Amino acid sequence: MSNRQTARSSRLVITLLGRRNVGKSLLLNALCGQVSSVSSQEGATTDPVLKHYELLPLGPVTFYDTVGTDDSGELGLLRVQASKKIVSRSDMIIFVVAGGRLTTGDMQELELLLRQKVPLILVQNKIDLHPVSQEIEQFCRLYGIACQAVSARQGRGIDALKATLISHVPDSFQHAPPLVSSGRRRCEQS
């Protein structure tokens with residue numbers, strides 16, 4: 001039985017992964033309904049950040065925002081290793097890209113995730129700046145990866161992304177009881 005199949009708790013762990021400056025932090029804020037400023041500087045997220053959230057009707061989830069998969073230097077490589085540990089404990093991955101293309105590094109990361117059989121959603125972010133890539137959508141169809149186009153900055157596609165998340169949740173989390181019974185949403189940063 002893998003770590004993903006072991007019953008840890010009723011809280012689903014979803015990790016945002018991708019290169020630096022693709023908008024992972026902004027996307028996490030948009031998913032949680034938070035408005036906060038994020039840096040446009042590459043590598044602004046230096047440590048994994050977790051947020052607890054009530055994703056209705058699913059229930060409690062923990063989102064992890066990770067450093068860029070392309071972080072460099074001695075310290076950057078250590079941060080990437082810390083992110084990989086989080087990925088190994090994740091129930092789902094949101095792989096974020098921007099700019100309408102997949103880099104060689106993106107392809108390598110996606111290949112690794114596909115081998116690990118972790119539920120995966122590829123998000124084309126920044127569609128307010130770049131058109132949706134048909135090439136990426138074809139890639140996703142070829143490999144059976146759920147794909148969603150969003151503009152985290154403008155909030156476009158966020159509700160559709162939440163619906164995609166809910167529809168791709170592992171069966172073991174489909175009927176987890178919500179922490180909050182009303183339509184109220186909450187996001188905490190730890």
Side-chain angles (χ1 to χ4, degrees), residues 2-4 8-9 11-34 36-53 55 60-99 101-126 136 140 143 145-153 157-158 161-162 164-165 168-170 173 187-190:
S2 74
N3 286 348
R4 260 183 234 20
R8 290 184 305 275
S9 72
R11 187 177 291 277
L12 179 71
V13 176
I14 303 171
T15 299
L16 282 79
L17 196 61
R19 288 177 277 120
R20 291 178 288 179
N21 217 32
V22 294
K24 296 182 300 292
S25 298
L26 195 58
L27 179 59
L28 178 55
N29 289 339
L31 282 166
C32 291
Q34 292 185 327
S36 61
S37 62
V38 294
S39 175
S40 61
Q41 179 181 349
E42 273 191 6
T45 301
T46 58
D47 294 302
V49 174
L50 73 91
K51 290 188 180 186
H52 298 297
Y53 181 69
L55 184 60
V61 299
T62 297
F63 284 109
Y64 276 97
D65 181 11
T66 60
V67 302
T69 55
D70 59 342
D71 205 348
S72 59
E74 189 176 329
L75 186 56
L77 294 177
L78 292 173
R79 292 191 294 236
V80 168
Q81 288 301 326
S83 292
K84 287 182 184 219
K85 286 180 184 175
I86 291 169
V87 168
S88 72
R89 297 187 315 255
S90 297
D91 301 301
M92 293 184 77
I93 301 293
I94 298 174
F95 195 88
V96 185
V97 298
R101 64 182 183 87
L102 294 174
T103 66
T104 302
D106 291 336
M107 298 291 281
Q108 291 169 344
E109 290 292 332
L110 288 165
E111 199 174 283
L112 179 63
L113 293 169
L114 288 168
R115 280 197 308 262
Q116 294 173 355
K117 299 188 185 308
V118 59
L120 174 64
I121 298 171
L122 191 143
V123 172
Q124 291 188 63
N125 192 17
K126 301 187 180 184
I136 291 175
C140 288
Y143 289 97
I145 300 171
C147 187
Q148 184 67 51
V150 305
S151 169
R153 184 171 312 282
I158 298 303
L161 176 55
K162 287 180 182 180
T164 301
L165 275 170
H168 286 80
V169 165
F173 289 96
C187 201
E188 301 169 356
Q189 186 170 349
S190 297

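Atom set for the values below is all heavy atoms of this structure, side chains included, hydrogens, waters and symmetry mates excluded. Small disclaimer: the values here were computed from a predicted structure and weren't measured.
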Matching residue for Glu111 among Glu109, Arg115, Met107 - test: side chain to side chain contact (heavy atoms under 4.5 Å, CB included): Arg115
side-chain contact (heavy atoms from CB on, under 4.5 Å) assessment of Leu50 paired with His52: CA-CA 7 Å; Leu50 73 91; His52 298 297; 3.4 Å; yes
Sub-4.5 Å side-chain heavy-atom contact between Met92 and Val169: yes
Flag side-chain contact, heavy atom, 4.5 Å: Gln116 against Val87: yes
Where Ala152 and Ala30 come nearest, the two heavy atoms and their spacing: O-CB, 3.9 Å
Lys24 side-chain N/O to Val96 backbone N/O, donor-acceptor pair under 3.5 Å: no
Heavy-atom donor-acceptor pair, Thr66 side chain to Leu16 backbone, under 3.5 Å: yes
Non-hydrogen side-chain atoms of Ile86 and Leu17 separated by less than 4.5 Å: no
For the student: nearest non-hydrogen atoms of Asp91 and Arg11, plus distance: OD2-O, 4.1 Å
Student check: side-chain heavy atoms of Leu122 and Leu102 closer than 4.5 Å: yes
Atom of Cys32, atom of Tyr53 and distance for their closest heavy-atom approach: CA-CE1, 3.6 Å
Where Ser90 and Val118 come nearest, the two heavy atoms and their spacing: O-CG2, 4.0 Å
Working for side-chain hydrogen bond (donor to acceptor under 3.5 Å, both in side chains), residues Lys51 and Asn29: CA-CA 9 Å; Lys51 290 188 180 186; Asn29 289 339; 2.4 Å; yes
CD1 on Ile94 to CG on Leu28, rounded to 0.5 Å: 8.0 Å
Side chain Lys162, main chain Leu31, donor-acceptor under 3.5 Å: yes
Donor-acceptor pair, side chain of Asn125 and main chain of Val22, under 3.5 angstrom: yes
Pairing residues for Thr164 by the side-chain contact (heavy atoms from CB on, under 4.5 Å) criterion, not counting sequence neighbours: Ile121, Ala146, Gln148, His168
